[in-house]
Amino acid sequence: MDSRRQLKIASLIKEEFTSILNKEGKSIYGTAFVTVTNVTVTSDLTLARFYLSIYNTESPDAVIERFNERKYELKRHLANALRHHLRRIPEIEFFKDDTLDYVSHIEEVFKKISGENEALQEEKNRKKPAIKKTKTVARKAASKKPGK
């Protein structure tokens, strides 16, 4: 579990890195849609891991490679933005964030299961015989006198 300090620094780094991507990110990832979903910082504050959600591209792994190629340039921009907040700027690593893809996959599985359950329920309802009148229902119907 991350400490409060780690969470604060990760939040600060994420905020500054997002603004750097807004200004200069197009040269790295082109027409792809890239968002920073999470930043984690190690307990000794020497490594920051960036989790990027990448859409609108054929190869998200190639975009991650371009980020890794320009890692030192991005770290320099980050150092300029954080120079008044941190003594040392952590090393940075980039990872593809697949959580949204995983969520959509799980939703599809649940829809499939729900559809199968509905199909089984419909089949079960079709196989049920017509409801027969029980003795109590027949007695109630016989006890009612017509005309009154």
Side-chain angles (χ1 to χ4, degrees), residues 1-138 140-141:
M1 183 158 161
D2 293 340
S3 69
R4 181 180 293 170
R5 180 170 170 80
Q6 284 175 279
L7 295 174
K8 283 183 178 181
I9 290 174
S11 175
L12 180 67
I13 290 172
K14 179 181 177 182
E15 182 180 324
E16 292 299 330
F17 191 74
T18 301
S19 67
I20 290 168
L21 282 185
N22 285 337
K23 294 175 187 171
E24 303 186 23
K26 292 287 184 189
S27 65
I28 298 171
Y29 53 81
T31 61
F33 180 70
V34 178
T35 58
V36 180
T37 56
N38 194 15
V39 175
T40 58
V41 180
T42 57
S43 60
D44 60 355
L45 307 178
T46 59
L47 179 65
R49 292 185 179 103
F50 292 85
Y51 295 92
L52 306 174
S53 178
I54 303 168
Y55 294 101
N56 197 23
T57 184
E58 293 293 321
S59 171
D61 294 327
V63 174
I64 295 293
E65 277 298 316
R66 282 185 259 154
F67 270 97
N68 284 323
E69 290 169 1
R70 312 252 322 250
K71 175 180 2 185
Y72 298 106
E73 179 185 343
L74 292 169
K75 183 179 175 183
R76 187 175 35 112
H77 287 298
L78 195 60
N80 286 334
L82 297 173
R83 68 177 176 249
H84 298 296
H85 300 284
L86 298 174
R87 288 184 184 181
R88 289 188 172 171
I89 302 302
E91 292 297 317
I92 56 178
E93 293 180 347
F94 299 101
F95 298 95
K96 185 174 74 171
D97 187 11
D98 292 333
T99 54
L100 293 177
D101 296 333
Y102 183 72
V103 167
S104 66
H105 170 71
I106 293 298
E107 285 179 354
E108 288 175 12
V109 169
F110 282 142
K111 285 180 184 178
K112 182 179 176 184
I113 291 171
S114 175
E116 289 175 359
N117 284 343
E118 289 174 5
L120 288 173
Q121 189 67 27
E122 288 176 8
E123 185 177 319
K124 189 176 180 182
N125 289 340
R126 276 188 254 137
K127 289 184 178 180
K128 279 187 178 180
I131 299 176
K132 296 179 181 178
K133 289 185 179 180
T134 60
K135 293 180 181 178
T136 56
V137 173
K140 286 182 181 178

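Residues: numbered from 1 along the sequence shown.
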Q: I'd like to know if the side chain of Arg66 reaches the main chain of Ile28, judged simply by a donor and an acceptor atom lying under 3.5 Å from each other, with no hydrogens or angles considered.
A: yes
Q: Taking the six-membered ring for Trp, are Phe67 and Phe17 parallel (under 30°), tilted (30 to 60°) or perpendicular (over 60°)?
A: tilted
Q: Restricting to non-hydrogen atoms, name the atom on Ile64 and the atom on Phe94 that form the minimum distance, rounded to 0.1 Å.
A: CG2-O, 3.9 Å
Q: Only counting residues at least two apart or in another chain, list the ones meeting side-chain contact (heavy atoms from CB on, under 4.5 Å) with Thr46.
A: Thr42, Asp44
Q: Please find the pair of heavy atoms, one from Ser53 and one from Tyr55, that lie closest to each other, and give the distance.
A: OG-CE1, 2.9 Å
Q: Answer yes or no: is there a side-chain heavy-atom contact under 4.5 Å between Leu52 and Val36?
A: yes
Q: Do His77 and Glu16 have side chains that get closer than 4.5 Å, going by heavy atoms?
A: no
Q: What are the two closest heavy atoms between Gln6 and Ser3, and how far apart are they?
A: OE1-N, 2.9 Å
Q: Compare every heavy atom of Pro90 with every heavy atom of Leu45, then report the nearest pair and how far apart it is.
A: O-CB, 3.5 Å
Q: Quick one: does any side-chain atom of Ser11 pair with a main-chain N or O of Leu7 as donor and acceptor, under 3.5 Å?
A: no
Q: If you look at every heavy atom in Ile92 and Lys71, which pair is closest and at what distance?
A: O-CD, 3.0 Å
Q: Would one find more than 12 heavy atoms of other residues, nucleotides or ligands at under 6.0 Å from atom CD of Glu116?
A: yes
